[in-house]
Structures are given as structure tokens and as C-alpha cells.
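A quick write-up on the structure given underneath.
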Amino acid sequence: MRTSLLVLLALVTACSGEPTPDWVPPDQWGPYGVGVDTVYFTDARDKDLVMEVWYPAVVPEGDEPDPYEEIEVALDGHREVPPDRRGAPYPVVAFSHGFMAIRYQSAFLTEWLASHGYVVVAPDHPNNTIFDIDQDETWRVMLERPGDVRASVDELLARSAEPSGRLSSMASEDGYVVIGHSFGAVTSMVVGGAEPDWAGVIEHCEQNDAYACKYLGEGLTPEDAEGYETVDDRVLATVPMSPGVWYAFGEGGANLQDVREPLVLGGDWDQILDYETEIRPCYEAMDTPKKMGT
């Protein structure tokens with residue numbers, strides 16, 4: 001998975017200001033150390049968000065990795081370490097977590113990308129994390145998630161544009177790749193080009209017993225869905241991991257054909273979003289060029 005993903009990302013890598021370190025194959029840890037920051041901010045919607053940012057860093061020899069907040073688990077990220085600007089500005093990746101998960105749920109992947117010269121940003125989606133889940137709000141969360149991703153990229157770029165600070169001059173403004181897992185995969189497909197059809201998903205759920213319908217059927221109306229942010233024209237490529245809910249994108253998932261440069265990752269070990277009825281139909285509805293890893 002890491003190899004395929006890094007090959008795709010390499011296609012959209014922005015030109016760097018300085019020579020990067022010696023190339024390392026994508027199935028190995030990259031040439032950079034990995035820094036990680038937790039950022040709290042209020043976005044343009046007046047919504048309070050927290051996001052994690054991973055970036056290429058200069059890690060002092062012997063420095064021990066730092067744990068992630070709340071769960072006290074450490075992988076290979078280091079806090080309060082200086083950025084490595086040899087290849088800056090770096091291409092940007094945005095990650096959207098799954099249902100009842102957390103922004104650093106896939107730190108194994110986000111750290112790996114940072115080690116290869118990417119700046120990765122991932123927000124918590126309020127009312128949908130392991131610490132604040134409110135299933136009655138899931139339909140509203142689904143509407144707000146794309147805006148959470150866009151706001152996090154905006155905040156990263158704003159901090160990169162500042163003359164000082166760890167993230168100063170670190171992030172390329174030449175678009176970004178969006179990755180999401182499960183519920184986050186649906187979010188990534190929206191941000192990455194596919195306009196939802198909320199009237200269609202309501203009608204589908206009235207006639208079918210799809211997995212997502214138990215969360216969306218009670219509160220969502222087409223009127224409720226008006227005015228929320230969806231597609232971000234800055235997205236260059238889209239990586240949905242275990243996607244589903246194709247029926248939220250027009251008849252037969254028709255609007256999924258607008259997902260930009262999709263690389264779909266999925267398999268039949270997924271016990272929530274079934275491969276044959278959820279994951280595969282999403283991929284089939286997408287337009288070429290597209291790739292799928294199973």
C-alpha cells in the first residue's frame with residue numbers, strides 16, 4: 001500500500017526550492033526525520049478544530065519519539081523539533097479519519113509520508129471521534145467533514161505563509177492530495193471532486209438497508225444539506241481507503257466519475273463497508289484514469 005501511494009503522490013509533487021536528500025525507495029522509511037505538531041484553531045465557520053501536522057524534520061540523535069495526546073502511544077514522530085527545509089516547500093497531504101476514530105489513527109501512514117518529504121495534516125471531526133462520538137449527530141458530521149478538511153489545509157497554508165514558526169515556508173500551495181479511511185474515504189471523495197446528492201441518498205435509504213442509512217435517515221433532509229462546503233478545486237489526487245456510500249453520489253454513484261485521480265484501497269476483510277456492495281461499486285463508478293489496490 002505504501003509503495004503504490006507514494007508512487008501516486010510522486011506524480012503531483014511540487015518543485016522544491018532546494019535539492020532533497022538522497023532518494024529512498026518508498027517501501028523503506030524515508031530520508032527525513034518526522035516532526036509532529038498538534039494545532040488548535042478556529043476556522044472561518046467559527047468552528048473550533050484540532051489538527052495534527054506531520055512534517056520533515058531534523059531530529060536530534062538519540063531523541064525518543066513522543067506519544068500522541070489522549071492515548072499515550074508513540075510511533076516515530078517527534079515534537080518540538082526543527083523543520084528540515086532542504087526540500088521545502090513540500091507537497092501537502094490531507095487525511096480524514098474514520099467513524100469513531102481519531103486524527104492520528106493512521107500515524108503509521110502519515111509519519112511514513114512525512115519521512116519521504118510530505119507535509120500531512122489531519123483534523124479531528126467533532127462528534128465523530130473515539131472520545132466525543134455522538135451518533136445522533138452523524139448526519140451533520142457528514143455534512144461538515146469536507147469543510148473540516150478544507151479548513152485544516154487553509155490553516156496549514158496560513159501558518160506556512162508566516163515569516164516565522166516551525167511550519168513557516170514548509171507547505172506548497174500547488175494543490176494537495178486528500179486521503180481518507182472509511183467514513184473519511186467518503187469525505188475524501190467529496191473533497192476530491194464528487195458532489196453529493198442528498199435527496200438521492202434519502203430516497204435510497206427509504207428503500208434499502210445500507211449500512212450508512214441507519215445514521216443518516218433520521219435527521220438528514222435536502223434542506224439541511226444546503227450551504228455546506230463540498231468539492232475543493234485544489235485537490236490533485238484522491239485516495240479513498242475502504243470507501244462506501246456510493247448511493248450518496250447520484251444514481252448509480254454517477255457523480256463519483258468526477259473524483260480526481262483516484263487510487264482506491266480496499267479489501268474483503270472490511271467488516272463494516274463490504275467489498276462487493278460498498279467498496280467495489282465506488283471504484284466502478286469512478287472515471288479513468290484510476291487505480292485500485294486490494
Side-chain angles (χ1 to χ4, degrees), residues 1-10 13 21 23-39 50-57 59 63-81 83-84 90-125 128-131 149 152-153 156 170 176-188 237-243 263-273 279 291-294:
M1 180 185 73
R2 289 166 173 160
T3 302
S4 299
L5 181 55
L6 283 166
V7 168
L8 174 74
L9 292 173
T13 299
W23 182 81
V24 174
D27 61 349
Q28 299 175 23
W29 186 258
Y32 295 101
V34 175
V36 57
D37 278 357
T38 303
V39 176
V50 55
M51 67 183 188
E52 214 76 359
V53 182
W54 296 265
Y55 58 91
V59 176
D63 191 58
E64 292 294 323
D66 292 297
Y68 289 93
E69 294 182 2
E70 296 106 359
I71 61 172
E72 293 299 310
V73 171
L75 297 181
D76 292 290
H78 301 257
R79 296 191 180 275
E80 299 185 359
V81 291
D84 188 333
Y90 297 100
V92 173
V93 177
F95 180 85
S96 177
H97 68 71
F99 186 90
M100 201 173 71
I102 197 74
R103 60 192 182 277
Y104 42 77
Q105 67 157 68
S106 297
F108 70 93
L109 173 60
T110 53
E111 290 183 0
W112 195 275
L113 292 171
S115 82
H116 280 271
Y118 298 87
V119 176
V120 187
V121 59
D124 272 351
H125 297 295
N128 199 236
T129 78
I130 193 172
F131 297 109
V149 172
S152 297
V153 173
L156 170 64
M170 289 292 283
Y176 67 97
V177 171
V178 60
I179 304 175
H181 171 249
S182 195
F183 200 2
V186 179
T187 304
S188 74
T238 313
V239 186
M241 304 166 65
S242 289
L263 169 61
V264 175
L265 302 173
D268 58 12
W269 282 3
D270 194 320
Q271 301 298 306
I272 303 300
L273 293 173
I279 298 172
K291 297 290 184 181
M292 187 173 195
T294 57

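His78 contributes atom NE2, which lies 5.5 Å from atom CG of Asp63 (distance to the nearest 0.5 angstrom). Remark: Asn128 CG to Phe183 CZ distance equals 5.5 Å, nearest 0.5 Å. Atoms CG and CG, from Leu265 and Leu109 in turn, are 9.0 Å apart once rounded to the nearest 0.5 Å. Distance CD1/Ile272 to OG/Ser242: 10.0 Å, rounded to 0.5 Å. Atoms CG and NE2, on Asp270 and His181 in that order, are 6.0 Å from each other to the nearest 0.5 Å. Here the CE atom belonging to Met100 is positioned 11.0 Å from the OG atom belonging to Ser182, to the nearest 0.5 angstrom.
The heavy-atom pair separating Ala57 from Val34 by the smallest distance is CB-C, 3.9 Å. Counting all heavy atoms, side chain and backbone alike, Gly30 lies closest to Ser115 at N-OG, 2.9 Å. Across all their heavy atoms, Tyr32 and Ala114 have their closest contact at CB-O, 4.0 Å. Minimum heavy-atom separation, Val81 to Tyr55: O-OH, 2.7 Å. In plain terms, the two heavy atoms of Gly117 and Pro56 that are nearest each other are CA-CG, 3.9 Å.
Side-chain contact check for Tyr176 versus Val153: some heavy-atom pair is nearer than 4.5 Å. Using a 4.5 Å cut-off on side-chain heavy atoms (C-beta onward), Val177 and Val92 make no contact. Proximity of Leu156 to Val119: side-chain heavy atoms (C-beta onward) are separated by under 4.5 Å at one or more points. Residues His125 and Val149 meet the side-chain proximity criterion, which asks for heavy atoms closer than 4.5 Å. A heavy-atom distance below 4.5 Å is not found between the side chains of Asp66 and Val36. Between Pro240 and Val264, the closest side-chain pair of non-hydrogen atoms falls below 4.5 Å. Looking only at side-chain heavy atoms (C-beta outward), Ser188 and Ser96 stay at 4.5 Å or farther from each other.
Shown here are the side chain to side chain donor-acceptor pair (under 3.5 Å) partners of Thr110, two or more places apart in sequence or in another chain: there are none. For Asp124, the side-chain contact (heavy atoms from CB on, under 4.5 Å) test picks out Val50, His97, Ile102, Arg103, Thr129, with sequence neighbours left out.
At a threshold of 4.0 Å, the pair Glu52-Arg79 counts as salt-bridged, since one of the basic side-chain nitrogens sits closer than that to a carboxylate oxygen.
Counting heavy-atom neighbours within 6.0 Å of Glu64 CD, excluding the residue itself, gives a total of 12 or less. Within a 6.0 Å radius of CD in Glu80, no more than 12 heavy atoms belonging to other residues, nucleotides or ligands are found.
Using the six-membered ring where Trp is involved, Trp29 and Trp112 have ring planes that are perpendicular, over 60° apart on the 30 and 60° scheme.
Under the 3.5 Å distance criterion, with hydrogens and angles disregarded, a donor-acceptor pair is assigned to the side chains of Glu70 and Tyr104.
A donor-acceptor pair is defined here as one N or O able to donate and one able to accept, closer than 3.5 Å; such a pair exists between the side chain of Glu111 and the backbone of Asp76.
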Check against side-chain contact (heavy atoms from CB on, under 4.5 Å), Ile279 and Asp268
CA-CA 9 Å; Ile279 298 172; Asp268 58 12; over 6 Å; no

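A ring-centre distance under 6.0 Å is not found for Tyr118 and Tyr90.
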